[in-house]
J.: 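Provided herewith is a single structure, encoded as structure tokens, for subsequent inquiry.
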Number of protein chains: 2
Amino acid sequence: MENCEFCKIRSKAVETLTQDEVQLLQENCAEVDLVADENIIKEGSLSSHIAYLKEGLAKIHKKGVKGTDQILKIVQPGSYIGIQTVLTSKVHQYSASAVENSKVCYIDITSFKQLLSTNAAFAKELVIYLCQDELSYFNRFVNVHQKQLDGRMADTLLFFADEINKSRIFTIPLKRYDLAALICSTRESVTRALKDLSDIGTIKVNGNSFEILNYELLKKISEKG
Amino acid sequence: MENCEFCKIRSKAVETLTQDEVQLLQENCAEVDLVADENIIKEGSLSSHIAYLKEGLAKIHKKGVKGTDQILKIVQPGSYIGIQTVLTSKVHQYSASAVENSKVCYIDITSFKQLLSTNAAFAKELVIYLCQDELSYFNRFVNVHQKQLDGRMADTLLFFADEINKSRIFTIPLKRYDLAALICSTRESVTRALKDLSDIGTIKVNGNSFEILNYELLKKISEKG
DNA sequence: GATTAAATGTGACTTTAATCACTTTTTTTT
DNA sequence: AAAAAAAAGTGATTAAAGTCACATTTAATC
């Protein structure tokens, strides 16, 4: 399925386009299948395309001074990836990788910029998108610094349960060291945090399979920090 | 000086406006003088206006689970404040306060939205603005988590020296507890970090007056973390 | 200028989570 | 299925920074 017009998951921005504009997008857009762990964009490489996640799940990650990657966010279908770089830098400022098998559309930057320059409604929707995205980082920034480990772990579990899987029984397609990079901790501490939450009966853990047993308590731990 | 047309510090976005549009802006815009510590916008309050910092210096801050504020960023003239909320929420998601005497223009949201909807060039400049802003937070997020205290303190000193004051002798118009909220630490630890940096001869501290004595070393501490 | 209040500095102590070293389990490869 | 590699778990130890309690300095107010 390579047709933008009938794309099941068109962004609000793309919804604003005229038929001609969709045509332009279509012609400068390539759909790619990715398996888990494959790179979507790579920090430091030339940014010739924006990626749009159509299916699957991806992580946004960025190298820090220690040399290890920090996961900035887990993104779901309907997310633009690499968009922040396009208009301001020639080089991607962060990486993104599939964390499960995914479909991604690569949109040529030049065409994207053209749409942005000529269609105010399109640009407006992007502004909205970016604002929401940024606000989510504000929350994350503050939370990550004021909550301790178990609280951050609880946050992440609730995120995967409520936002991603919409179920109290779910799997997290991340290794322990990825979870660590996500909650700003270490592999060992992730193990311990999960054990803590397990011990008090909030969750059941089995490898990457999780079940929330006491949602209220988990929520309380997430909120209390 | 209440005239947008002759505003000394018009944003790139406003540069794109036609005379009529500037006129619209003008009519829905109010300039306000603020003294240090005054609120610009307040988290949780209705967002009827966007603020544009014309003169001075401001902090963007947000309440965390602990009940204390975290400083997200120090912003300079030319920054939009509260813009992320305008299109997505009725209520401000963060606060902003002047950290020194400042001038702010409050722009009515409705007019702002109107410009956004009708002028693609305006919207595009905002997209660029937001992208740059978000990227700066990515850096901050990763740095704050991978650097330890002295590194973060060094970052902040370099920021005030290089970005804000463009001099190795400068003052920081923040209390120690504000510095703590900025580098994600505590008042006491700020004192100690400054002492550390002082002891090894990188800086000279006297209240809020600072001098960088060994720029290279400070840079190294900032980079090494 | 004295008094009060706010801000900052300092040492002792505690807590949290990182690090290290090693074991066990799971997954992948041959 | 065996061997190798990767991932995850575990206990002991360490380190970094937070907390607490109090002293000192600076600024504000009467």
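Proteins get letters first, then strands, A, B, ... in listed order; numbering begins at 1 in each.
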J.: Any strand is fair game: report the nucleotide pairing with C/dT25 by Watson-Crick or G-U wobble, both distances under 3.5 Å, or none.
T.: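 With both distances under 3.5 Å, C/dT25 matches D/dA6.
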J.: Is the distance from OP1 or OP2 of C/dA7 to the nearest side-chain N or O of B/Y177 less than 4.0 Å?
T.: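 So the side chain of B/Y177 is within the cut-off, an N or O lying under 4.0 Å from OP1 or OP2 of C/dA7.
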J.: Has A/S185 got a side-chain N or O lying under 4.0 Å from the OP1 or OP2 atom of C/dA18?
T.: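 For C/dA18, OP1/OP2 do have a side-chain N/O of A/S185 under 4.0 Å.
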J.: Could you tell me whether B/E31 and B/K54 make a salt bridge, using a distance below 4.0 angstrom between a side-chain N and a carboxylate O?
T.: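 A salt bridge is present here (some side-chain N lies under 4.0 Å from a carboxylate O).
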J.: Could you state the CG-P distance from A/L149 to D/dA16, rounded to the nearest angstrom?
T.: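 About 18 Å, once rounded to whole Å.
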J.: Looking at D/dG18, does its base get a donor-acceptor pair with the side chain of B/R187 below 3.5 Å?
T.: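 Counting by modelled atom types and ignoring angles, no donor-acceptor contact under 3.5 Å is found here.
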J.: Using whole Å, report how far NZ of B/K175 lies from P of C/dA6.
T.: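 Computing the B/K175:NZ to C/dA6:P distance gives 12 Å.
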J.: Using atom NZ of B/K195 as one end and atom P of D/dA16 as the other, report the distance to the nearest whole Å.
T.: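 Going from B/K195 (NZ) to D/dA16 (P), I get 17 Å.
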J.: Please state whether the phosphate of C/dA17, meaning OP1 or OP2, lies under 4.0 angstrom from any side-chain nitrogen or oxygen of A/S189.
T.: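 For C/dA17, OP1/OP2 do not have a side-chain N/O of A/S189 under 4.0 Å.
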J.: Side chain of B/R152 only, please: which of D/dA17, D/dT19, C/dA17 is the nearest?
T.: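 In terms of side-chain proximity for B/R152, the closest of D/dA17, D/dT19, C/dA17 is D/dA17.
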J.: How close or far is atom C1' of D/dT25 from atom CG of B/N208, stated in whole angstroms?
T.: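 It works out to 13 Å between those atoms.
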J.: Please determine whether a side-chain nitrogen or oxygen atom of A/T191 lies at a distance below 4.0 Å from atom OP1 or OP2 of D/dA8.
T.: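 No, A/T191 has no side-chain N/O under 4.0 Å of OP1/OP2 on D/dA8.
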J.: Output yes when A/E211 and A/R168 qualify as a salt bridge under the 4.0 Å nitrogen-oxygen rule, no when they do not.
T.: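 No.
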J.: B/Q146 CD to C/dA17 P: how many Å, rounded?
T.: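 Result: 17 Å.
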J.: Measure from CD on B/E188 to P on D/dA23 and round the result to the nearest Å.
T.: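 It is 16 Å, rounded to the nearest whole Å.
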J.: Could you check how far CG of B/D196 sits from C1' of C/dG9, rounded to whole Å?
T.: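 Computing the B/D196:CG to C/dG9:C1' distance gives 14 Å.
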J.: When you measure from the side chain of A/S167 to the backbone of A/I169, do you find a donor-acceptor pair of N or O atoms at a distance under 3.5 Å?
T.: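 Such a contact is found between A/S167 side chain and A/I169 backbone.
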J.: Who does D/dC30 pair with, Watson-Crick or G-U, both distances under 3.5 Å?
T.: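 Paired with D/dC30, as far as the under-3.5 Å criterion goes, is C/dG1.
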J.: Assess whether one donor atom and one acceptor atom, taken from the side chain of A/R176 and the base of D/dG9, lie less than 3.5 Å apart.
T.: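 A donor-acceptor contact between them is absent.
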J.: Taking only Lys NZ, Arg NE, NH1 and NH2, and the carboxylate oxygens of Asp or Glu, determine whether A/K62 and A/E43 approach each other closer than 4.0 Å.
T.: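 So A/K62 pairs with A/E43 through a salt bridge.
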J.: Among B/Y94, B/Y137, B/F138, B/F141, which residue meets the ring pair (Phe, Tyr, Trp, His ring centres under 6.0 Å) test with A/Y137?
T.: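 So, applying the ring pair (Phe, Tyr, Trp, His ring centres under 6.0 Å) to A/Y137 and each of B/Y94, B/Y137, B/F138, B/F141, only B/F138 qualifies.
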J.: What is the separation between atom NZ on B/K147 and atom P on D/dA17, rounded to the nearest whole Å?
T.: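 After rounding, the reported distance stands at 13 Å.
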